[in-house]
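Everything on this sheet refers to the single structure shown next.
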Number of protein chains: 2
Amino acid sequence: MGVSLKDVAQRAGVSIKTVSNVVNNYPHVTPQMRAKVQRAIDELGYRPNLTARHLRKGRTGIIAFAVPELGNPYFAELAGAVIDAAAQHDYTVLVDHTAGLRERELLVCQEFRSHVIDGLILSPIHLENGDLLARQETSPLVLLGEREYDAPYDQIAIDNVAAARSAVRHLLDLGRRRIAFLGSRTGRERQPAHLRLRGWREELTAAGVEPDDRLVVATDGYGRGDGADAMAALLDRGVRPDAVFAYNDLIALGALRTLTERGLRVPEDIAVVGFDDIEESRYGAISLTTVAPDKRAIARQAVDRLVARLAGEPVTEPRRIRPGYQLVVRESTGGSHTVAGPPAAATEATPVAATEAAPATAPPVDAP
Amino acid sequence: MGVSLKDVAQRAGVSIKTVSNVVNNYPHVTPQMRAKVQRAIDELGYRPNLTARHLRKGRTGIIAFAVPELGNPYFAELAGAVIDAAAQHDYTVLVDHTAGLRERELLVCQEFRSHVIDGLILSPIHLENGDLLARQETSPLVLLGEREYDAPYDQIAIDNVAAARSAVRHLLDLGRRRIAFLGSRTGRERQPAHLRLRGWREELTAAGVEPDDRLVVATDGYGRGDGADAMAALLDRGVRPDAVFAYNDLIALGALRTLTERGLRVPEDIAVVGFDDIEESRYGAISLTTVAPDKRAIARQAVDRLVARLAGEPVTEPRRIRPGYQLVVRESTGGSHTVAGPPAAATEATPVAATEAAPATAPPVDAP
DNA sequence: GTGAAAGCGCTAACAC
DNA sequence: GTGTTAGCGCTTTCAC
């Protein structure tokens, strides 16, 4: 094994405690003693065994962040933000991905590295409410994403219905009436996309447009290929929308590709809106109009909530936090292009809608 | 604190050892004993404390994977592959990002979570050779990426010079002669892109074309915005290339965007080749020709090397492993589009070049 | 097949 | 200010 405190103490001719004091930067150590110990540390190449420290302290300073798929830029960008936010609190992040499988989601929130991770931030897809209620593990858990649960855990998610409505409203304002929805799910007991789909339905109805279910296309996954296929299927079916609202940017980008291949003009023939504002949406030949959740805020708040629970805040009442979002209008719906500038500062955006944590900005406002 | 082995033992009226045997699925336990203990475990909701186990065993089963930026899809995709490869060996991955800062790279390979991570896979950018030689930490380290070091650590990287040459050769074969390179670095002591830049230079020279340094554009970073800016700067400078070879796909995609904005046709006016084969390169309005490193192989081999070292294989001689790569020809150089199919199986690709670990495939072959 | 006891390396009381 | 000591929860000889 490696060099331990005892070895250093022996070498320096002092007690273990003194070495420990030096290692932990205890204030009350005489400079000469500190120097002596430090020399022994350097000579022996001592590195503290954090595992032992963790065992002793009962906590590790490691939190886990589990997402469906790291290959989805939205989650990759979010993971980066979580890592940064956690670092601010001196926490290290263990990133895992579940492939959106319920089994792996269960595993991660039940018995994943028990006592090694202090807490978990999970973005579930197929986890059921009962799974959460049956959770044995006592470490704090914060939930992210579209699914809403009735369980004693903090949940962070933008208002998906309102956000979806703002996207559809934008398309209606452009005079579009046959607005397709890409990315509902096939043959699942639960419909992960249901909130955004509901927003689509509600906003159409509110505008006096009858939602046409033939314009709703289910996909197998959430990737670019699924979007491309869905768009192709819709067109092959002979259904011709004048606008598309996609569950996420990847699906929208895939649809965009199909439209280009088929020689359809965007936005003239068909306008397209996505959801997520991943960076690549700003750089395509046709930049993508999209709903931009405030990822930094989501990450920061998720970490803040987790850290608060870790610090002992009781779960009297689980909190639901709604970070802000923006509708960023770009070329795919006729907006001008904004290649520069961070997503949150895009010029052609409707104001942020946020509750609780975001410093009160303007309430949601209609797109021009 | 939580429930410990002792508590379970007490409850079941057996010794600690017996409970431990049950928990670890020891073969020689009578069924009735196992059942009795299991009942106590369930009743008390016991979860093993992995931290204690780690301390006792001297290893944790956690490895770290540190990349410059998780927001770069190449690294995100690679991270996903590493997580999967590690899972095969029952290792959990702690993903971290260094922002490409030497300081953070040092931190991660020196004193990062000592004794908590069994080993580290690091993709450095600014780490110097001396930093590696001065490394105190004794846990295994595997290096990834373009930088080549003279240090006692395994290194996994495709043959960047040859890969770059194949990209440039492809452009030369198309009759292009004024081939720009986007993505060299400004004012750094080291030139991270130097291998690909060297490939560019060598292949041009070999073809009897004088490399023109006015066609080399430095960028501040490796993102889409950097590529867009670099392309714009080149055109504004009045320099008109007939092809562009970019350091990576993001820079190429940014360049593509600028070209579209300026009304230049791709590939007719300017052909574009990238490097990385990130998924989005296949889905743009103009799909991108790119050098596709075999990410799965890179991840697998990195994990394999690390696991081998962890299993006690001595570092008699550090290995240099060269996974395969392909040149995937798509629309940005006049190829047909390949939206479907995994990157490694793309039809219009030059054969794989790989050494050592990849099951001997065909040797490097010229592009047609 | 099961039990008793030692110790992994560290921290935190508590003495001195 | 510094030293002594008792565990944190687990695995692992070694008896029985």
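Residue numbers start from 1 in every chain, and the chains themselves are labelled A, B, ... in the order their sequence lines are given, proteins ahead of strands.
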* Where along nucleotides 10-16 of chain C does protein come under 4.0 Å, by heavy atom, of base (B) or sugar-phosphate alone (S), with - for untouched nucleotides? -> BBSB---
* In Å and rounded to the nearest 0.5 Å, what is the OG1 to CG distance from Thr98(B) to Leu127(B)? ->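 Spacing of OG1 (Thr98(B)) from CG (Leu127(B)) equals 9.5 Å.
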* Within the pair Thr18(A) and dG3(D), is there a side-chain N or O less than 4.0 Å away from OP1 or OP2? ->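 The answer is yes; a side-chain N or O of Thr18(A) sits under 4.0 Å from OP1 or OP2.
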Give the rounded distance in Å between these two atoms: [atom1] of [X] and [atom2] of [N].
| X | N | atom1 | atom2 | result |
| --- | --- | --- | --- | --- |
| Gln10(A) | dG3(D) | CD | C1' | 15 Å |
| Asn21(B) | dA4(C) | CG | P | 14 Å |
| Leu55(A) | dC8(D) | CG | P | 9 Å |

Can any side-chain N or O of [X] pair as donor or acceptor with the backbone N or O of [Y] at less than 3.5 Å?
| X | Y | result |
| --- | --- | --- |
| Arg135(B) | Cys109(B) | yes |
| Glu105(B) | Ile125(B) | yes |
| Asn49(B) | His115(A) | no |
| Arg309(A) | Ser139(A) | no |

* **Axis bend over the full length of the helix from dG1(C)-dC16(D) to dC16(C)-dG1(D), computed from five pairs that close each end, to 10 degrees** =>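 One end axis against the other gives 30°.
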* Shortest non-hydrogen separation from Tyr149(A) to Glu128(A) and the atoms involved ->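 Minimum heavy-atom separation between Tyr149(A) and Glu128(A): CE2-C, 3.9 Å.
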* Asked: At their closest point, which heavy atom of Leu70(A) faces which heavy atom of Val67(A), and how far apart are they?
  ->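 Taking Leu70(A) first and Val67(A) second, the nearest heavy atoms are CD1-CG2, 4.1 Å.
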* Quick one, which residues of residues 25-35 of chain A touch DNA chain D with a heavy atom under 4.0 Å? ->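 By residue number: His28(A), Val29(A), Thr30(A), Met33(A).
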